[in-house]
Enquirer: 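Below are the structure tokens for one structure; questions will follow.
Proteins get letters first, then strands, A, B, ... in listed order; numbering begins at 1 in each. Excluded from the calculations below are hydrogen atoms, water molecules and symmetry mates; all remaining heavy atoms, backbone and side chain alike, are included.
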Amino acid sequence: MEAQEDLQLNLNEESLLEMYGLIVLSRRLDERTWVLHRQGKIAFHISGIGHEAAQVGAAMALRRGQDWVVPYYRDLAMMLALGLTPKEFMLGVMGKKGEPSSGARQMPSHWSIRRMNVVSHSSPVATQTPHASGIGLAIKMRGDDAIVLTSIGEGATSQGAWYEAVNWAAIHKLPVVFMVENNLYAISVRQDRQMAVEHVADKAAGLGLPGVTVDGLDALAVHRAISEAAARARAGDGPTLVEAMVQRMTPHSSDDDDRSYRPRAELEALKAQDPVRLQRDKLMDMGLLSEQAETEVQERAAAQVEEAIKFAASAPYPEVSEASYPVYAGDRADG
Amino acid sequence: MEAQEDLQLNLNEESLLEMYGLIVLSRRLDERTWVLHRQGKIAFHISGIGHEAAQVGAAMALRRGQDWVVPYYRDLAMMLALGLTPKEFMLGVMGKKGEPSSGARQMPSHWSIRRMNVVSHSSPVATQTPHASGIGLAIKMRGDDAIVLTSIGEGATSQGAWYEAVNWAAIHKLPVVFMVENNLYAISVRQDRQMAVEHVADKAAGLGLPGVTVDGLDALAVHRAISEAAARARAGDGPTLVEAMVQRMTPHSSDDDDRSYRPRAELEALKAQDPVRLQRDKLMDMGLLSEQAETEVQERAAAQVEEAIKFAASAPYPEVSEASYPVYAGDRADG
Amino acid sequence: MAEITLIEGLRQGMDEELERDERVFIVGEDVGQRGGVFRATEGLYEKYGEDRIIDSPLAEDSIVGIGIGTALYGMRPICEIQFADFIYPAFNQIVSEAARMCYRSAGEWTVPMVIRVPYGGGIGGGLYHSQSVEAFFAHVPGLKVVVPSTPYDAKGLIKSSVRDPGPVIFLEPKRGYRLIRGEVPEDEEVLVPIGPARISRTGTDLSVFAYGMMHHYCLEAAERVAQEGINAEVIDLRTLKPVDRQTILASVAKTGRALIVHEDNLTGGYGAEIAAILAEEAFGDLDAPVRRLAGPDVPAMPYSHPFESWFMPDADRIAKAILELAAF
Amino acid sequence: MAEITLIEGLRQGMDEELERDERVFIVGEDVGQRGGVFRATEGLYEKYGEDRIIDSPLAEDSIVGIGIGTALYGMRPICEIQFADFIYPAFNQIVSEAARMCYRSAGEWTVPMVIRVPYGGGIGGGLYHSQSVEAFFAHVPGLKVVVPSTPYDAKGLIKSSVRDPGPVIFLEPKRGYRLIRGEVPEDEEVLVPIGPARISRTGTDLSVFAYGMMHHYCLEAAERVAQEGINAEVIDLRTLKPVDRQTILASVAKTGRALIVHEDNLTGGYGAEIAAILAEEAFGDLDAPVRRLAGPDVPAMPYSHPFESWFMPDADRIAKAILELAAF
Ligand SMILES: Cc1ncc(C[n+]2csc(CCOP(=O)(O)OP(=O)(O)O)c2C)c(N)n1
Ligand SMILES: Cc1ncc(C[n+]2csc(CCOP(=O)(O)OP(=O)(O)O)c2C)c(N)n1
Ligand SMILES: [Mg+2]
Ligand SMILES: [Mg+2]
């Protein structure tokens, strides 16, 4: 029923399949990157496995290229939905020349896609949230037709900076959607050591904006929630906090080993709720995805991934001379 | 009725009169300090006028000398209730030798009374709140029979540090009472530019602890609210946020001129709700304060204030040699 | 030409930039109706309205963080930190974000913003209303750090800072706001470039480097020692980062002696970098040790009046240091 | 004697102090079951329980602020900041509060606490997992700043830091955690006092000052140049604040030449203070300019492998600098 509504209101058949294709692509790319790491071919990976449905659902609720996005490191699927190519991702993973988000200066998965209004973010968590509110303020000052979505993990909402930023948006009714990807863990720290509220969305009440919790394993549910929040923002009714309940199906990053803090049975149980499978089943139930189409989606994704790896592996490392600039706007190699 | 309850439950006649005496003393001291400033005899004063009832009500809900207090700069009346003498206050105001809170290193009204477990605080707002939670944590770790009360203005609750600190206390159910003295202004900035919630107490919901708003012009109401919060804390049930609605009846400080941002009529209206008069009327209604007793209270306060001024005015300035220590614990003049 | 105060120079500069470029706006605590606690933005709220002169909540990290967001979108924020002492909550946004944004995005994103910071002692502000913070920021690549000491430079440098394509920490010697007066032309645009130092008194016997209020005390001291036959060159550094090495080295090549004066704590203070540059690059020119005269290594300027004078270098102490160095 | 790693030295030191004094506890992100992201606290949660090895929320200002509160009450917190790069949110509590508490209360309140900070590059951490932050804190009166470079010093200095009556910023060269091994006696208590530097290689031709990982590269470089007949003295500063002036000045009095090496950015870095001390107090002893070899003035160490090597001083570059300086 709700899915039918989506079909009518926001998403046509094509975009539902696009959504699924992106989710699959993200998963394949992500899994393959873990393999590269195990093979010793790359130094670091931080994964979005288990978050994909929420991210793609969110991205597709935006007017891509018009609205602004201030993401965080787990947002591979969101970035793919916003136009990051697998090749670009792989350049970043391998620290190769021309990597578009930072010129190979940042660790992998520190996004920036200028052409899509995706703003550069850093590693210190929650630093991006005030930027999003600032962008919202600027949009309001300029009277532009845009909104901004920013994402973050539930753990990082413990940072004072996060509260300050959301507070700004609430006071000034800024066109911002604060999306929290709640996977219940911040590295090893569980939500109950992170906050005393049951849902991150409960924090909204203390800041004076609406807060909703949504099933982040369901791309359509997230799409709906973010669409509603975006509509509020566009209408001048201010920000919304949307908490998507997702699951971290991997260790925190390739540097992590989760065995000391995460019961194996818990991890096993997550697999029964794998968002990729859930979306596939849903589309099949809706009659939008045939077995054959599914095979094609998978094959297309796999091919794109392999092509990206080949491309990035043969790309050169940056010249050392590039490292010394631009410290200041306008700096050039020869300056 | 409620007052009768107070009389029975927490406060006897004597302590109600003590409370009133402290409120009057604080007001006289505070007013006289403004006069000293106008006379050019002192450089700076920051006033608690309009906050006295809330502060004394709160302080008397503590077991003074056993519980801990982490105050802020407006808490003159609270400090008097905790044992600060008018002489000590005046030494601070005049920056004289032996000023007990900082040895004349800090500006006036930056409290610290070691003997009463009143912790030194600084000027940057909200820095004290994590200290209070930390003290709460230490009390819990040691299993001691104490609680901690910390106060702050409503504006300063916009600081990220404040949220982080309250969050800690909520997660660990620490024995902390977070008291907010809401006078609706942060220098010139009104509450509606500071937060999007109606009451600071609403912030509690987002942090997972109880929050209450109480009439801060009524010492007994505040006494009751803080007593309840303190009882919860002692029982191991965790922190409470108590917002006392008070009024700032003066400019922010002697450096401020509020004419550009505060309507004169608004200030006039406050006078009808002067907490000192309200307490007096209440005690008279209760039959606890005669006209003659009132005169005595006033005279006693005035005498104490004059004595303090005389004492501090004739006290020496600190030796310059004192200024160079103690930078590190244990440093001495001769080190 | 009109004689105006340092704070008036600042206000004029901001006013002109607000007028010139509608992307420019001001954000900070009490900058609106109150006109700032020092009245630097007085009248601007009335002229430009609450959408461009914005009272922030009491949260410095957000003042800078929000400012960065608007700058990424193309605005030109002027963020006011009420006192330098209260900039630390914003340290993360300034150092991790504003300073590193351009480099970390290989130049794709830049943060054109000014962070105005009244700093320094001598106003009865005690430990937390008197601090100097330049050493922290002058250490951070990606930031520029500017300190005007005259009304002319205040006006000219704030305007250049607003136009700079990156983040500028603009330190205002608050004791000089009304104390320092100077002529500023009314009929021409005043722009002072970020970068060059200014030789405010030429001399031959030794070089004195300073900025902000200390620069004025150094000039005073130089006049005093002139009566004893010592001819000091005084240099107002004006831009601390990037620092004007040429002017510094040329002066010491001429005089052979260097004294650096600041009111911030000595150890690890800004003077250390100047001394290090000289120790490295002026070795052959130096006829005497490089001297630093600075605030003592106590946490900050204490309140009581005798303490404050004890902390703050003044013309007397500077003159004494000059004489000692000249006699080396 | 057992040969152990630097991180094992640290862990042993903390373990012994937790055992000795029940007021000691550890607080930080992932320090509990996870044993810290670098495993510095591994096993301690199991041994001392969740009440003494506390996983904090993801909020550094509160880690330090809560720590201060417990210290005021009489506890002895060891606060872990996961990476130096993430210490800036806590800058206000460290600088405004921990550092100034003793002075501002005329000694009535003190903050005995250790803030452990893994720092430095060479681990593929890119811009935000490689930073060095010592210059900021070495500028702040009221703080002590300590950097061990060996397992012995790691153990001995962490124990002394826990026992210190004031706040200690304890910087850990994380690249050396497992790389650096050394002997540490098992049957006697290891305590290394805060303050004294250590001459780790005596020499006569020039003095090399360093700390952390750079100290090891300096030793390596010194061995290399020895083959070319240059006899360098290498000094591990160990405590950056308060710094051991005597040892520094005595060494330069002997050698007449000084090279300072650190991986933090050059300008306004810690080396500036050492250079300034020498320029001021060793003028008569210096036979050559004071040289600084440091990370370049870009915002931080970039990620890509060639960039990382470009940023970080290594034995080659240090050897080259030694030879140049010796030849001056
Ligand atoms: C200011 C800061 N402190 C610590 C870290 C180290 N760190 C990186 S991710 C992380 C946990 C984040 O958890 P959460 O916000 O829940 O996001 P998730 O990774 O679960 O998606 C931590 C502690 C950091 N990046 N920034
Ligand atoms: C971090 C910081 N920023 C700014 C200031 C300057 N300042 C001092 S008091 C104040 C307003 C405080 O308002 P509120 O918290 O409501 O307390 P009130 O003074 O009204 O009691 C401001 C902005 C400060 N002391 N600390
Ligand atoms: Mg999480
Ligand atoms: Mg207020």
Enquirer: What residue, out of Gly269(C), Ala90(C), Ala138(C), has the most heavy-atom pairs lying under 4.5 Å from chain D?
Expert: Gly269(C)
Enquirer: Taking every heavy-atom pair that is under 4.5 Å apart, which of Pro302(D), Ala300(D), Ala288(D) has the most such pairs with chain C?
Expert: Ala288(D)
Enquirer: Identify which part of Phe283(C) has an atom lying under 4.5 Å from any heavy atom of chain D, answering side chain, backbone, both or neither.
Expert: side chain
Enquirer: With a 4.5 Å cut-off on heavy-atom pairs, point out which of Cys102(C), Gly271(C), Ala99(C), Pro289(C) contacts chain D the most.
Expert: Pro289(C)
Enquirer: Taking all non-hydrogen atoms of both residues, which atom of Ala279(D) and which atom of Ala275(C) are closest, and how far apart?
Expert: CB-O, 4.3 Å
Enquirer: For chain C, which candidate among Glu60(D), Gln131(D), Glu273(D) shows the most heavy-atom pairs at distances under 4.5 Å?
Expert: Glu273(D)
Enquirer: Mind ranking Val290(D), Leu266(D), Asp297(D), Asp61(D) by heavy-atom pairs under 4.5 Å with chain C and telling me who comes out on top?
Expert: Val290(D)
Enquirer: At a heavy-atom separation under 4.5 Å, does Leu286(C) approach chain D through its side chain, its backbone, both, or neither?
Expert: both
Enquirer: So for Ile274(C), is it side chain, backbone, both, or neither that comes closer than 4.5 Å to the heavy atoms of chain D?
Expert: neither
Enquirer: Should the ring pair Phe91(D) and Phe136(C) be called parallel, tilted or perpendicular, given that the plane angle runs from 0 to 90° and is split at 30 and 60?
Expert: perpendicular
Enquirer: With a 4.5 angstrom heavy-atom cut-off, which part of Glu281(C) approaches chain D: side chain, backbone, both or neither?
Expert: neither
Enquirer: Let's go through Tyr128(C) and Arg104(D) carefully: what are the C-alpha distance in whole Å and the side-chain angles of both, what is the deciding distance for side chain to side chain donor-acceptor pair (under 3.5 Å) to 0.1 Å, and is it a yes or a no?
Expert: CA-CA 10 Å; Tyr128(C) 294 98; Arg104(D) 84 175 184 221; 2.9 Å; yes
Enquirer: For residues Pro89(D) and Asn92(C), report the shortest heavy-atom separation together with the two atoms involved.
Expert: CG-ND2, 3.6 Å
Enquirer: Of all heavy-atom pairs between Thr267(D) and Lys241(C), which one has the smallest distance, and what is that distance?
Expert: CG2-NZ, 3.7 Å
Enquirer: Do Pro141(C) and Val298(D) make a side-chain contact, defined as non-hydrogen atoms from C-beta onward lying under 4.5 Å apart?
Expert: no
Enquirer: Evaluate the criterion side chain to side chain contact (heavy atoms under 4.5 Å, CB included) for residue pair His139(D) and Asp264(C); output intermediate values, then yes/no.
Expert: CA-CA 10 Å; His139(D) 175 51; Asp264(C) 189 16; 2.7 Å; yes
Enquirer: Please flag which part of Phe137(C) lies under 4.5 Å from any non-hydrogen atom of chain D: side chain, backbone, both or neither.
Expert: neither
Enquirer: Drop me the distance from Ile277(D)'s CD1 to Arg292(C)'s CZ, to the nearest 0.5 angstrom.
Expert: 6.5 Å
